[in-house]
Amino acid sequence: MTSTTTTVRDDHATKRRALRAVTIAACLPYLGLKVAWVAGSHVGIPEGSALRDAGTDLAVANAVTILMDATVVVLALLLTRPWGKRVPAWLLLLPMWGAVGLLTPIMYGFPAQLLVRALGGGSATGSAGAGKRPFLDEWVFGVVYTGFIVQGLALGALFVLYARDRWGHLWQGTVGDLKAASPGRGQRVALTAAAVLAVVPGGVHLLWTCGWPAGLSPELARGYDAGFAAVESGYVLYAAATAAGIALLLSGANRGSRLPLRVPLLLAGIGSAASAAWGGWQLLATLTSLADDGRGPTAAMGVTYAVQVITGLLVLAAGARFFAARSARMPAAVPGRTAAGVPGRTGAEALAS
């Protein structure tokens with residue numbers, strides 16, 4: 001009798017390597033510019049730009065953003081290397097949640113602005129209006145934001161492949177399947193509060209999208225155009241996606257909805273991440289001297305951004321609890337089930353490893 005050993009082939013190995021290379025390559029233009037600026041170069045910064053006089057504050061901000069984009073490189077490696085499967089779930093999901101939140105508004109906002117400009121509205125992203133000093137050379141925005149969009153698409157695809165292998169069983173089925181084991185009371189309270197709170201920034205951004213200047217800084221109010229409205233419309237969509245995802249999840253669980261479970265999870269997850277990450281980033285501007293140029297947040301803007309952050313954190317906390325409980329419950333509910341087709345590993349083991 002002879003014995004044979006069957007090797008399980010990764011059908012997506014080539015795809016993963018290609019996506020990893022694309023993700024890392026897409027980070028290089030931004031990292032190169034930031035490193036040059038920290039070193040004192042003015043490449044891409046025209047004469048008269050406020051950035052030339054920003055001093056230490058700008059250097060610190062550039063150093064922080066270098067670390068942020070370098071995190072994308074680390075994530076690309078983590079999602080494609082064998083050691084990445086041993087990383088604790090929270091250590092991967094937290095930076096990934098932040099990356100999704102920061103990249104999604106760029107992936108929506110920059111193409112939206114380009115479309116508006118193509119239709120004859122708005123102004124050039126990096127150009128100065130009448131009487132204004134230029135901020136950055138126009139080519140900088142094109143290079144950097146294109147890189148961000150490629151990063152978002154490639155990193156997102158890598159995460160889908162990784163998450164499907166490691167935790168794919170946790171979002172299989174329909175929303176109605178949760179009826180027998182719906183989210184606990186604490187999760188429902190947190191999600192309901194998040195859905196209600198999401199209406200506040202969503203409504204405010206809708207007013208700003210429509211040109212209502214109340215609460216905006218004088219500089220932003222004077223510079224309102226179709227391009228600004230296009231970006232603001234994204235925040236309305238993120239808030240709407242958050243509230244809709246939560247509503248579909250909670251109401252569908254009660255009435256046995258046949259909607260795929262991944263739909264409300266994606267809506268609430270991506271919507272809340274985009275709202276919270278950019279809300280937090282804008283809120284951080286109030287702590288820097290860069291907020292003193294008239295473009296920084298007013299008190300009303302600060303409150304709006306703070307509510308976005310709170311909403312996102314509520315969804316994040318409730319989602320973590322939901323998946324942890326679902327992971328612990330599913331192996332017992334489905335005896336002998338393996339996680340993502342890996343023999344001998346239960347869902348709880350896959351999530352914790």
Side-chain angles (χ1 to χ4, degrees), residues 44-46 48-51 53-54 61 101-142 144-146 148-149 198-242 271 274-309 311:
I45 304 177
S49 172
L51 294 179
D53 304 320
L102 290 172
L103 290 174
T104 297
I106 295 175
M107 295 171 68
Y108 171 85
F110 186 58
Q113 285 186 314
L114 292 180
L115 178 61
V116 166
R117 288 174 56 190
L119 296 176
S123 61
T125 307
S127 64
K132 297 181 185 178
R133 291 189 296 174
F135 184 61
L136 285 172
D137 288 335
E138 182 69 14
W139 66 264
V140 173
F141 292 93
V144 168
Y145 285 163
T146 299
F148 281 148
I149 291 172
V199 175
V200 176
V204 172
H205 285 293
L206 179 60
L207 292 176
W208 293 342
T209 299
C210 296
W212 189 272
L216 283 173
S217 64
E219 180 74 12
L220 289 177
R222 287 194 298 270
Y224 174 87
D225 59 13
F228 177 84
V231 173
E232 283 296 310
S233 68
Y235 296 106
V236 179
L237 294 178
Y238 314 142
T242 302
S275 294
W278 270 98
W281 185 251
Q282 295 287 354
L283 193 60
L284 186 62
T286 62
L287 304 177
T288 71
S289 61
L290 295 179
D292 296 334
D293 65 355
R295 300 172 66 250
T298 62
M301 293 170 70
V303 171
T304 300
Y305 300 145
V307 174
Q308 290 178 213
V309 174
T311 299

How many angstroms lie between CG in D137 and CD1 in I45, if you round to the nearest 0.5 Å? 9.0 Å

Go through the steps for T242 and T311 under the test side chain to side chain contact (heavy atoms under 4.5 Å, CB included), then give the verdict. CA-CA 9 Å; T242 302; T311 299; 4.2 Å; yes

Distance col, row L51:CG vs F135:CZ, nearest 0.5 angstrom, shows 4.5 Å

Report the residues that fulfil ring-ring contact (aromatic ring centres under 6.0 Å, His included) with F148, sequence neighbours left out, ordered by chain and then residue number. Y30

Side chains of F110 and T146, heavy atoms from C-beta outward: is any pair under 4.5 Å? yes

Heavy-atom pair of closest approach, residues G271 and A241: CA-CB, 4.3 Å

Contact summary for A277 and G101, nearest pair of heavy atoms: CB-C, 3.5 Å

We want to know whether T209 and Y235 form a side-chain donor-acceptor pair, criterion being a heavy-atom distance below 3.5 angstrom. no

To the nearest 0.5 Å, tell me how far W278 CH2 sits from I106 CD1. 5.0 Å

Only counting residues at least two apart or in another chain, list the ones meeting ring-ring contact (aromatic ring centres under 6.0 Å, His included) with Y305. none

Closest non-hydrogen contact found for A226 with V116 is CB-CG1, 3.3 Å

Specify the closest pair of heavy atoms between A229 and Y224, including all atoms of both residues, with the distance to one decimal. CB-OH, 3.5 Å

Is any side-chain heavy atom of P105 closer than 4.5 Å to a side-chain heavy atom of Y238? yes

Starting at CG of L237, measure out to CD of E232 and round the result to the nearest 0.5 Å. 11.5 Å

In Å and rounded to the nearest 0.5 Å, what is the OG to NE2 distance from S275 to H205? 7.0 Å

Considering non-hydrogen atoms only, spot the tightest contact between G215 and A300 and give its length. CA-CB, 3.7 Å

How long is the gap from CG on L220 to CZ on F228, to the nearest 0.5 Å? 5.5 Å

Between F141 and Q113, is there a side-chain heavy-atom distance shorter than 4.5 Å? no

Give the C-alpha distance, both sets of side-chain angles, the deciding distance and a yes or no for side chain to side chain contact (heavy atoms under 4.5 Å, CB included) between W208 and T304. CA-CA 12 Å; W208 293 342; T304 300; 4.3 Å; yes

